[in-house]
2 protein chains.
Amino acid sequence: MEESGEGHRMSSTERRRPPTIHDVARVAGVSRGTVSRVLNGGHNVSPGAAEAVRAAIRKTGYVVNRHARSLITGRSDSVAFLLTEPQEKLFEDPNFNVLLRGCTQALAAHDVPLLLMIAGTPAERRRVTRYVTAGHVDGVLLVSSHTGDPVAEQLVEAGIPVVACGKPIGRKGRTARLAHVAADDRDGAREMVRHLVSLGRRRIATVAGPMDTPGGVDRLAGWREVLVEAGLPAGEELVAHGDYSRDGGERATAELLERVPDLDALFVASDLMARGALAALERAGRRVPRDVAVGGFDDSPAAVSGLPELTTIRQPWDRISSEMVRVLMGLIGGEEPSAVILPTELVRRESA
Amino acid sequence: MEESGEGHRMSSTERRRPPTIHDVARVAGVSRGTVSRVLNGGHNVSPGAAEAVRAAIRKTGYVVNRHARSLITGRSDSVAFLLTEPQEKLFEDPNFNVLLRGCTQALAAHDVPLLLMIAGTPAERRRVTRYVTAGHVDGVLLVSSHTGDPVAEQLVEAGIPVVACGKPIGRKGRTARLAHVAADDRDGAREMVRHLVSLGRRRIATVAGPMDTPGGVDRLAGWREVLVEAGLPAGEELVAHGDYSRDGGERATAELLERVPDLDALFVASDLMARGALAALERAGRRVPRDVAVGGFDDSPAAVSGLPELTTIRQPWDRISSEMVRVLMGLIGGEEPSAVILPTELVRRESA
DNA sequence: CTGAAAGCGCTTACAG
DNA sequence: CTGAAAGCGCTTACAG
């Protein structure tokens, strides 16, 4: 006979203990070991026993206690999505959201929960590093546009499976073993600049990202490459830098406009900065695309969040997130780190 | 003498077992029980023993194994941030990001990890409900703009601590015990419409949200209230509905422009919809704010993501997220559900 | 194919 | 104030 409560009041938030593997075993008429075997792949279990166990699971509403499982397996069956950007910028960039959503859903398909961790300050970084290296998660999806990230190195050195979003350009060798997934920045930039050239533009300036980010370095390299190839000017006066924020793009564009008043096209290394560029151009009285053609990068929600809609380079975020999860699950399973570079695509809209 | 490895190769991803409470006890020269007491508040421990334990923790780099702790305490020391919106819209709305970041950080201060869960489809909802009711998290921060959410009811009925963002307007009684935190939608709408009236506007239309959301209902009520009070028209022809998306705002505005060509102001129930409204107005050749003054709601990043910058009503997201976490931690600790309504603030920019 | 048993790392009455 | 011991719910060799 089941006894419950035994005279002690249940407070409003106290829940009944959920059924355990023991309850399932009793209902199914087998041992706990057999239930566990059914739960873990069903090897070495007779069809009859397996069916009895499955029926008992349905009947009891049993759900495995992950803490108990983790305690013995040593795995947590969860992963962290770690952002090491300064906090303010993090969520201003729509790319983070797309990536976060994609990773959450790709992991859900594996029944693996995602822990969101933010480590913008040194103190937060210490907290997170401690948490992760203590084994509370099986692996880390790392997102930071700036490379040479000390967190990445620490985690990799501690033997934690880590997959970065974007190509690491830190001190060579140390990050060589850092698995990563990225879009082909250089080739994407080339495609956009070729497009601007094909439009007949000849004074093509660029708002580049910071040079400690792969998007900053590689998209600038792609811009230069195509211009040099085409025999068009590609000097330093045609380059200004932004920090991937809208305001940064606006400032950099104002700077370019002052330095190169006759520019007829602008390749901006991110859509969000491009929105700022559009604002600067409007304030300066330039019509887009008539006076100045503007090409962005990312195909983020920012590309269509205002007028004119941006012609841009699409980063395949869905694939980036699913590949990040795939590579991370592989690492956790013992595979070697790998790098995945995904192709981009030109998306033509109104601005160029 | 420590033995490790004992002849079996460590694969590249295998980590050394982290130190346990047993290691700390040995180094400190006390029992495991004493170490545990120091870890859990330090009651009934002599100062000398406590200091020895703390030193041993530093020396060994010990971090508690949360799985073992949870197994015995029955708490997971983690909470879920659950989104039950259809997936596409989720991350288009900048408010979600601000809220997510705020909650993550408020929880981090309690050393409580946040699990991000998305349940847009019925299948996902079942998965998540099962996971949560199995006790894998201690509580849920629930975000969905649509109310009468079946997930909320199920969780509350299962005795799970839940705090919703936004006032629930589901079937009365059933959601009465649902703790929630919200901005004062009605009062915020009133303030904005009063502002538009003070600008001398007399034909003030509105793009309202869906009527199954509190923001849809209450902001519309605030709009109507002030107009009636001021003796201005507030009929149905002045109301169009959007779904909180940019495109929805654009469509609704085009509809209004057709129906009420002489409108001179527009109160839009969200900044994102207001950006769409601005696009519709521009396409129709209306100047903002000269021809039509536009007031938004939220003060989300969308408010300043284009020109003109939006005059809007600020929702205190930082406080909303910190209050949600505070109320949830209270619920988990056994407190009764409570509702927190936070004041809003008019932010004047260019559009009105 | 199956059960009995050990043990993962921790917390918490229970004695002292 | 402190230690020895039980036990949280599970997985996994180990016998049979």
Side-chain angles (χ1 to χ4, degrees), chain A residues 6 8 14-54 56-57 60-78 111 131 134-136 138, chain B residues 6 8 14-54 56-57 60-78 111 131 134-136 138:
Chain A
E6 286 196 78
H8 77 287
E14 189 174 338
R15 293 170 236 160
R16 207 202 316 277
R17 282 248 171 210
T20 72
I21 202 172
H22 187 262
D23 301 314
V24 176
R26 187 160 33 71
V27 171
V30 300
S31 73
R32 280 135 70 217
T34 298
V35 174
S36 181
R37 276 176 218 114
V38 172
L39 255 28
N40 292 284
H43 303 302
N44 291 7
V45 180
S46 67
E51 188 40 55
V53 168
R54 278 191 291 268
I57 288 175
T60 56
Y62 171 78
V63 177
V64 68
N65 180 321
R66 290 180 177 233
H67 301 305
R69 172 181 283 174
S70 293
L71 184 54
I72 182 149
T73 63
R75 284 176 288 106
S76 75
D77 292 321
S78 68
D111 206 29
Y131 185 90
H136 292 321
D138 294 338
Chain B
E6 287 196 78
H8 77 286
E14 190 175 338
R15 294 169 236 159
R16 207 201 316 277
R17 282 251 171 210
T20 72
I21 203 172
H22 187 263
D23 300 314
V24 175
R26 187 159 32 73
V27 170
V30 300
S31 74
R32 279 135 71 218
T34 297
V35 175
S36 181
R37 276 176 219 114
V38 172
L39 256 27
N40 293 284
H43 303 302
N44 291 8
V45 180
S46 66
E51 188 40 56
V53 168
R54 277 191 292 269
I57 287 174
T60 57
Y62 171 77
V63 177
V64 68
N65 180 321
R66 291 180 176 233
H67 301 304
R69 172 182 284 174
S70 292
L71 183 54
I72 182 149
T73 62
R75 285 176 287 107
S76 75
D77 292 321
S78 67
D111 206 30
Y131 185 90
H136 292 323
D138 294 339

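Source: prediction; values computed, not measured. Proteins come first, then strands; the chains are lettered A, B, ... in the order of their sequence lines, and each starts at number 1.
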Just to confirm, is there a sub-4.0 Å distance from OP1 or OP2 of [N] to any side-chain nitrogen or oxygen of [X]?
X: B/S46; N: D/dT2; result: yes
X: A/T34; N: C/dG3; result: yes
X: B/T20; N: C/dG9; result: no

Within this structure, what is the [atom1]-to-[atom2] distance between [X] and [N], rounded to whole angstrom?
X: A/H22; N: D/dC10; atom1: NE2; atom2: C1'; result: 12 Å
X: B/I21; N: D/dT2; atom1: CD1; atom2: C1'; result: 14 Å
X: B/R69; N: D/dC10; atom1: CZ; atom2: C1'; result: 20 Å
X: B/I72; N: C/dT12; atom1: CD1; atom2: C1'; result: 6 Å
X: B/R75; N: C/dT12; atom1: CZ; atom2: C1'; result: 13 Å
X: B/H43; N: C/dT12; atom1: NE2; atom2: P; result: 11 Å
X: A/H67; N: C/dG9; atom1: NE2; atom2: C1'; result: 14 Å

(message) Partner lookup for D/dG3, please. Criteria are Watson-Crick or G-U wobble with both distances under 3.5 angstrom; report none if nothing qualifies.
(response) C/dC14

(request) Indicate the ring-plane relationship of B/Y131 and B/H136, choosing parallel, tilted or perpendicular according to the 30° and 60° boundaries. (result) tilted

(request) Remember a base hit wins even if backbone is also touched, and classify A/N65 as base, sugar-phosphate or nothing at under 4.0 Å, heavy atoms. (result) sugar-phosphate

(request) Using a heavy-atom cut-off of under 4.0 Å over every strand shown, decide if A/R32 touches base, sugar-phosphate, or nothing. (result) base

So, do [X] and [Y] sit near enough that their side-chain heavy atoms are less than 4.5 Å apart?
X: A/I21; Y: A/S36; value: yes
X: A/Y62; Y: A/L39; value: yes
X: A/N65; Y: A/T20; value: no

(request) Could you tell me whether the side chain of B/R66 has a donor or acceptor atom within less than 3.5 Å of a complementary atom in the base of C/dG9? (result) no

(message) For B/V63 and B/R37, find the nucleotide of DNA chain C closest to each by heavy atoms; which residue's nucleotide sits nearer the 5' end?
(response) B/V63

